[in-house]
Chemist: 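Got a structure for you, questions after.
We count ligands from 1, going down the list as the structure has it; atoms in each ligand are counted the same way. Below, all heavy atoms of this structure are taken into account, side chains as well, without hydrogens, waters or symmetry copies.
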Amino acid sequence: MSLLNVKLIKCLSDNYSYIIFNPITKKAIIVDPAEAQPLMDAIFKLNLDLEYILITHHHNDHVGGNIELKNKFNCKIVGFADDSNRIPGIDIRLQDKEIFNFEKENIQLNFAPGHTSGHIFYYFKKNKYAFVGDVVFTLGCGRIFEGTTNEMYKSIMKIKSLPDDVEIFCGHEYTANNLKFCLEYDKSNDRLMKRAKQIEALLNKNLPTVPTTVLNEKQTNIFFRCNDKTISHKLDLVGQSPEKVFEKLRQLKDNF
Ligand code: ZN
Ligand code: FE
């Protein structure tokens with residue numbers, strides 16, 4: 001199996017773009033180029049051969065570097081077929097569940113609407129990485145701009161259903177605020193209290209709180225815990241469906 005490295009690149013004010021590369025062959029992929037310059041600098045510095053750009057959704061802070069990088073490196077842009085008219089410079093259009101091969105890795109595109117109607121995430125099956133854009137964040141989830149709450153809930157559950165040890169790479173550093181929200185409604189969660197200390201230590205040093213793992217999020221991300229009785233009790237929604245709990249949580253977070 002090929003072991004791919006992931007290099008996190010800070011872009012704009014709080015975006016994360018990613019360079020995934022084979023350290024031996026130097027072949028590389030970018031996920032969600034928020035802007036071209038910091039990515040170009042890293043590609044040159046690491047002496048990489050950029051082959052593809054993978055896009056999770058059409059928002060400008062995820063595709064902003066597409067055209068400049070494509071012109072510079074002559075790479076191919078990959079995205080969801082059903083949203084291809086909104087992805088600048090797209091070359092390769094994939095369907096839901098379709099697998100894309102890169103350096104012996106099988107990368108699966110997974111439809112995950114809610115934040116936008118054409119949002120998808122990429123699952124690297126062998127390396128156990130998930131690049132999730134703005135569906136899920138460390139201790140949080142994306143805002144619902146183009147979908148229904150049920151669609152968003154289902155999309156989050158798709159990520160929750162991946163193996164526990166999958167590493168989750170998200171599109172933004174929103175963790176400070178997400179942590180505050182989780183603490184507000186899930187204070188009795190001992191694992192959350194423990195994780196809060198670890199996260200605060202990272203944030204104090206201005207270090208990324210990414211990647212997280214599926215297991216970490218299952219235990220401490222309140223949006224992954226909509227089926228937990230302590231959460232529904234806290235929200236006065238005892239006996240309600242997890243979708244209802246999710247709807248309430250998302251509303252509360254929108255105004256937090
Ligand atoms: Zn977005
Ligand atoms: Fe974004």
Side-chain angles (χ1 to χ4, degrees), residues 6-20 29-39 42 53-69 77-90 94 96 109-123 129-160 167-181 203 208-212 217 221 223-224 246 249-251 253-256:
V6 182
K7 173 96 179 143
L8 174 153
I9 307 289
K10 291 186 183 189
C11 291
L12 305 174
S13 60
D14 55 29
N15 274 82
Y16 289 139
S17 298
Y18 298 97
I19 304 175
I20 304 108
I29 282 179
I30 287 175
V31 174
D32 284 0
E35 54 179 336
Q37 196 60 54
L39 290 159
I53 295 174
L54 271 48
I55 300 300
T56 64
H57 68 295
H58 75 284
H59 282 160
N60 203 47
D61 61 318
H62 298 257
V63 302
N66 276 20
I67 299 301
E68 219 177 319
L69 290 164
I77 297 176
V78 181
F80 184 36
D82 292 5
D83 218 14
S84 57
N85 57 344
R86 299 200 289 187
I87 299 171
I90 191 166
L94 302 178
D96 183 25
L109 181 147
N110 291 273
F111 185 43
H115 179 71
T116 68
S117 60
H119 203 304
I120 57 95
F121 68 90
Y122 296 98
Y123 177 35
Y129 301 148
F131 294 87
V132 301
D134 292 353
V135 179
V136 160
F137 301 116
T138 300
L139 291 179
C141 75
R143 279 179 190 266
I144 300 166
F145 287 124
E146 294 181 351
T148 64
T149 40
N150 276 2
E151 279 175 329
M152 190 66 179
Y153 183 72
K154 259 169 79 186
S155 297
I156 294 167
M157 289 308 103
K158 276 191 193 179
I159 293 168
K160 188 181 172 182
E167 291 183 285
I168 299 175
F169 296 85
C170 59
H172 293 269
E173 180 61 60
Y174 289 158
T175 311
N177 187 264
N178 290 343
L179 174 61
K180 268 187 218 149
F181 183 77
L203 292 173
T209 61
V210 173
T212 177
E217 296 310 301
N221 182 335
F223 294 99
F224 280 55
F246 174 70
L249 281 174
R250 192 54 263 180
Q251 274 169 12
K253 182 67 166 59
D254 285 343
N255 302 299
F256 187 66

Chemist: Check all N, O or S atoms of Asp61 and name the one closest to the Fe ion (ligand 2).
Modeler: OD2

Chemist: What class does the angle between the rings of Phe223 and Phe181 fall in, given that below 30° is parallel, 30 to 60° is tilted and above 60° is perpendicular?
Modeler: parallel

Chemist: With the Fe ion (ligand 2) at the center, what angle do OD2 from Asp134 and NE2 from His62 span, rounded to 10 degrees?
Modeler: 90°

Chemist: Can you name the one residue among Leu39, Leu54, Ile55, Asn15 that meets side chain to side chain contact (heavy atoms under 4.5 Å, CB included) with Asp32?
Modeler: Ile55

Chemist: Are His59 and His119 an aromatic pair, judged by ring center distance below 6.0 Å?
Modeler: no

Chemist: With a cut-off of 2.8 Å, does any N, O or S atom of His115 fall short of it relative to the Zn ion (ligand 1)?
Modeler: yes

Chemist: Let me check your reading of the structure: within less than 2.8 Å of the Zn ion (ligand 1), is there an N/O/S atom from His62?
Modeler: no

Chemist: Run the ring-centre check on Tyr16 versus Phe169 and record whether the distance is less than 6.0 Å.
Modeler: no

Chemist: Nearest to the Zn ion (ligand 1), which N, O or S atom of Asp134 do we find?
Modeler: OD2

Chemist: Determine which of the N, O or S atoms in His59 is closest to the Zn ion (ligand 1) and give its atom name.
Modeler: ND1

Chemist: Please check: side-chain N/O of Glu35 versus main-chain N/O of Leu12, any donor-acceptor pairing under 3.5 Å?
Modeler: yes

Chemist: Within less than 2.8 Å of the Zn ion (ligand 1), any N, O or S from Asp61?
Modeler: no

Chemist: Let me check your reading of the structure: within less than 2.8 Å of the Fe ion (ligand 2), is there an N/O/S atom from His172?
Modeler: yes

Chemist: Where the side chain of Thr56 meets the backbone of Phe121, is there a donor-acceptor pair that is under 3.5 Å apart?
Modeler: no

